[in-house]
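The structure appears below as structure tokens.
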Amino acid sequence: MRIAVVALSPIERDGRVLRTARALAQSGHELHVLGYGPKPLGCSGEFHTLGEPPTRVQHWAWVLAGYVPSGLSRRLGQALTALRPLHRRCQRLLCAIRPDVIHANDWPALPIAMWGKQTTGARIVYDSHEFACEEHSESWLWRMLCRPHVCAIE
């Protein structure tokens with residue numbers, strides 16, 4: 001089975017993704033990992049870099065431009081997410097890979113996986129590390145800016 005693991009994190013520092021990749025490769029699957037940074041030593045399967053992770057300024061610019069509109073309309077938030085250059089790059093990679101399964105590593109990868117399902121017919125595995133709508137609920141800023149977007153994604 002051809003599996004694409006989509007992780008919007010620096011893979012060399014993401015032990016969870018590396019363990020998942022190793023287990024899938026050892027089970028005989030054709031594996032493709034999409035994530036930030038260079039291919040880590042010992043990363044199983046084919047690695048597709050998404051470049052360097054966004055800077056703090058880039059991240060907050062995207063939060064304001066992409067997440068905040070979800071508070072007004074879930075559809076608007078979803079449409080803006082689909083326009084993000086990172087998501088378009090992942091979409092091109094998934095079209096080339098044509099996976100049978102897309103493993104979305106946490107909620108930020110879920111819109112990419114959903115698009116991949118619609119385009120390639122792949123099944124989705126959603127690896128939610130916690131209930132994302134409540135992930136940072138102690139932060140009023142997160143509740144105001146991010147929570148509506150995260151809830152719309154999930």
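Note: hydrogens, waters and symmetry copies are ignored here, and every other heavy atom, side chains too, is used.
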Residues Ile112, Ile102; criterion side chain to side chain contact (heavy atoms under 4.5 Å, CB included); working and verdict:
CA-CA 9 Å; Ile112 295 165; Ile102 301 169; 5.9 Å; no

What heavy-atom pair brings Ala122 and Lys117 nearest, and what distance separates the two atoms?
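Looks like O-CG, 3.2 Å.
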
How close do Ala21 and Ser44 get, counting heavy atoms only, and between which atoms?
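Between these two residues, the closest heavy atoms are O-CB, 3.7 Å.
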
If you group Ile, Leu, Val, Met, Phe, Trp and Tyr by side-chain heavy-atom gaps below 4.5 Å, do [X] and [Y] land in one group?
X      : Y      : answer
Trp115 : Leu34  : no
Leu94  : Leu31  : no
Trp107 : Ile124 : yes
Leu24  : Val101 : yes
Val33  : Leu8   : no

Atom CD of Gln58 and atom CG of Leu86: how far apart are they, to the nearest 0.5 Å?
10.5 Å

Counting only heavy atoms not in Lys39, do more than 12 fall under 6.0 Å of its NZ?
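More than 12 within 6.0 Å, yes.
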
Count the heavy atoms of every other residue, nucleotide or ligand shown that sit under 6.0 Å from CZ of Arg89, and state whether that count exceeds 12.
yes

So which of Ile11, Asp14, Val125, Leu110 actually passes side-chain contact (heavy atoms from CB on, under 4.5 Å) with Asn105?
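When Ile11, Asp14, Val125, Leu110 are each tested with Asn105, the side-chain contact (heavy atoms from CB on, under 4.5 Å) holds only for Asp14.
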
For Pro10, all residues meeting side chain to side chain contact (heavy atoms under 4.5 Å, CB included), sequence neighbours excluded:
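Pro10 satisfies side chain to side chain contact (heavy atoms under 4.5 Å, CB included) with Arg13, Pro53 only.
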
Non-hydrogen side-chain atoms of [X] and [Y] separated by less than 4.5 Å:
X     : Y      : result
Gln91 : Thr119 : no
Leu18 : Cys43  : yes
Arg88 : Pro85  : yes
Glu46 : Ile97  : no

Restricting to pairs with a member in residues 32-58, which pass ring pair (Phe, Tyr, Trp, His ring centres under 6.0 Å), not counting sequence neighbours?
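Pairs touching residues 32-58 that pass the test: His32-His48.
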
Within the side chain of Thr120, is there an N or O that forms a donor-acceptor pair under 3.5 Å with the backbone of Cys95?
no

